[in-house]
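For the numbers below, each heavy atom of this structure counts, side chains included, while hydrogens, waters and symmetry mates do not. When a residue number appears, it is its place in the shown sequence, counting from 1.
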Amino acid sequence: MKSNHLLLLALKKVREHVGEGTNTFRFLTSELGLLRSIQGIADVIHFIPMEGQPYRLTEGRVVFFRAGTLRLRINLCEVEFKAGDLLAVSPGTVFEFLYVSPDLAMLAFSNSLMENWQKEDLLQTYLQGRLFLHLSLTAKEVQRMEQLFALLWEVVHDRPFPRASVQSLISLCFHQLDFVRKSSQSTERQQHTRQEEVFNRFLELVNKYAARERSITFYADRLFLTPRYLSTLVRQASGRTVMDWVNEAVMQEAKLMLRHTDKLVYQIADELNFPNASFFSKYFRRMAGMTPNDYRRKDE
């Protein structure tokens, strides 16, 4: 396995490059990362190409945006974040930078840090790898998040490391997120149409299965729809076809393996359920405009 850009997004691997990694704006251990400001990763960003390739998070993130704009593709969906927004995503999330100009505070922690903790629903969802939460905060909620991050920053510097206190504050953070989420739902009462519900479930399935399953029938069966009806709903909801989304997910997995592992092309072709390396290479070139090996060497 390559020790390169993707692995820098794991706390353990960041430490291998920057040491313990604690400075005025950043606290870092193998289980916990806390960022007070974007300035805290100024010495890390140059290791990571910020645009044009996907990454998979080893640990999830809770990110509070103070200023600027960040546009990401998260599990195939494009999302824009601005001041006062909050993002919480689970370990295993795949994302790609599209536009980067934010100031933010960020919390990252491994599942092991919260082992044996009495887990509330939202934290449990996070630890199980199923959380993607985008919230727009009120002025009062922004102040509360600032206070919570400030308190966490103070506590993590106590010696010896106050593990139980940190666990309690992380739990409090998720309680607060759940409160904001439920308040937002109760005030906005945003109702998803049948079309939106089907499309969201379809995308969940594509993110989970596209590496092995590429037939419209496979997804239609799991949604209890006919292939024709699924195709119509997906096109109406997104302006794209079922196979457009499936192909994007396949290419995302291919790019992850090409750039972040030492697997040979024929091994990647096998994992992605292509009949052989030649077929995969032709497919990749048609989709990306370059061969798998050219993509692997890009920006080296």
Side-chain angles (χ1 to χ4, degrees), residues 1-10 13 17 45-58 71-79 89 91-100 129 199 202-223 227-228 230-231 234-235 237-300:
M1 182 80 62
K2 288 184 179 179
S3 177
N4 62 9
H5 305 309
L6 176 74
L7 298 180
L8 281 168
L9 297 179
K13 294 298 179 179
H17 285 270
I45 287 177
H46 71 278
F47 287 111
I48 306 172
M50 295 299 286
E51 300 178 23
Q53 68 178 73
Y55 296 90
R56 179 174 279 115
L57 292 174
T58 304
R71 209 162 68 242
L72 297 174
R73 182 176 289 112
I74 303 176
N75 290 341
L76 303 181
C77 293
E78 292 190 15
V79 189
V89 291
T93 296
V94 176
F95 73 96
E96 180 180 343
F97 294 107
L98 300 177
Y99 178 79
V100 183
F199 178 66
F202 164 72
L203 275 190
E204 289 177 5
L205 291 171
V206 169
N207 277 290
K208 185 175 182 180
Y209 293 110
R212 304 294 297 176
E213 301 288 347
R214 291 192 273 281
S215 73
I216 296 176
T217 301
F218 173 86
Y219 298 99
D221 286 348
R222 274 153 183 77
L223 293 168
R228 176 174 291 183
L230 174 62
S231 297
V234 169
R235 185 180 285 278
S238 67
R240 303 174 66 184
T241 68
V242 169
M243 290 311 300
D244 285 340
W245 287 107
V246 171
N247 285 329
E248 184 171 337
V250 172
M251 288 296 292
Q252 177 176 270
E253 289 300 316
K255 289 176 179 179
L256 283 167
M257 286 189 276
L258 285 166
R259 293 301 293 270
H260 309 307
T261 78
D262 288 323
K263 292 177 181 178
L264 300 176
V265 171
Y266 81 86
Q267 293 173 311
I268 296 174
D270 183 63
E271 287 196 28
L272 294 177
N273 205 24
F274 284 90
N276 53 58
S278 176
F279 193 95
F280 167 66
S281 295
K282 291 177 182 177
Y283 171 88
F284 191 95
R285 184 164 191 165
R286 175 167 58 86
M287 299 297 297
M290 65 184 77
T291 68
N293 285 325
D294 286 342
Y295 179 81
R296 173 168 266 167
R297 290 190 294 264
K298 184 182 176 185
D299 299 327
E300 284 185 353

Just verifying a value: how many Å separate Arg240 CZ and Trp245 CH2, rounded to the nearest 0.5 Å? 4.5 Å
Could you pull out the closest heavy-atom pair between Phe284 and Pro292, with the gap in Å? CD2-N, 3.7 Å
Evaluate Met257 against Leu272 for side chain to side chain contact (heavy atoms under 4.5 Å, CB included), listing each step before the verdict. CA-CA 10 Å; Met257 286 189 276; Leu272 294 177; 3.7 Å; yes
Provide the closest heavy-atom pair for Val265 versus Ala277 in the form atom of the first, atom of the second, distance. CG1-CB, 4.3 Å
Here the pair of heavy atoms bringing Ser238 nearest to Val234 is OG-O, 2.7 Å
Would you compute the distance between atom NZ of Lys263 and atom CG of Leu258 and round it to the nearest 0.5 angstrom? 10.5 Å
Pairwise distance CD1(Ile216) to CZ(Phe202) - rounded to 0.5 angstrom: 8.5 Å
Please determine if Arg56 and Glu253 form a salt bridge, counting it only when a charged side-chain N lies under 4.0 Å from a carboxylate O. yes
Does the Arg212 side chain pair with the main chain of Glu271, one donor and one acceptor, at a distance under 3.5 Å? yes
Give a yes or no on whether the backbone of Tyr266 and the side-chain of Asp270 come within a donor-acceptor separation of less than 3.5 Å. no
For Pro54 against His260, the heavy-atom pair lying closest together: O-NE2, 3.2 Å
Measure the shortest side-chain to side-chain distance between Val89 and Phe95 over non-hydrogen atoms and say whether it is less than 4.5 angstrom. no
Can you find a heavy atom in the side chain of Tyr283 that is under 4.5 Å from one in the side chain of Val250? yes
Minimal non-hydrogen separation, Tyr219 against Ser215, with atom names: CD1-O, 3.2 Å
Could you go step by step and tell me if Asn207 and Val94 meet the side chain to side chain contact (heavy atoms under 4.5 Å, CB included) rule? CA-CA 9 Å; Asn207 277 290; Val94 176; 5.9 Å; no
Can you tell me if Arg285 has over 12 outside heavy atoms packed within less than 6.0 Å of its CZ? no
Does NZ or CZ of Arg214 lie under 6.0 Å from the centre of the six-membered ring of Phe274, at an angle within 45° of the ring axis? yes
So Asn75 and Leu203, do their side chains get closer than 4.5 Å, heavy atoms only? no
For side chain to side chain contact (heavy atoms under 4.5 Å, CB included), just list the numbers for Glu248 and Val206, CA-CA rounded to whole Å, side-chain angles, deciding distance to a tenth of an Å, and then say yes or no. CA-CA 9 Å; Glu248 184 171 337; Val206 169; over 6 Å; no
Nearest 0.5 angstrom please: Ile74 CD1 to Leu57 CG, how far? 9.0 Å
Ser231/Val242 under side chain to side chain contact (heavy atoms under 4.5 Å, CB included): CA gap, chis, key distance, verdict: CA-CA 6 Å; Ser231 297; Val242 169; 4.2 Å; yes
Any ion pair linking Arg222 and Glu213 (charged N to carboxylate O, less than 4.0 Å)? no
If every non-hydrogen atom of Leu230 is compared with every non-hydrogen atom of Ala220, which pair is closest and at what distance? CD2-N, 3.6 Å
Picking from Arg297, Lys298, Arg296, what satisfies salt bridge (charged side-chain N to carboxylate O under 4.0 Å, His left out) with Asp294? Arg297
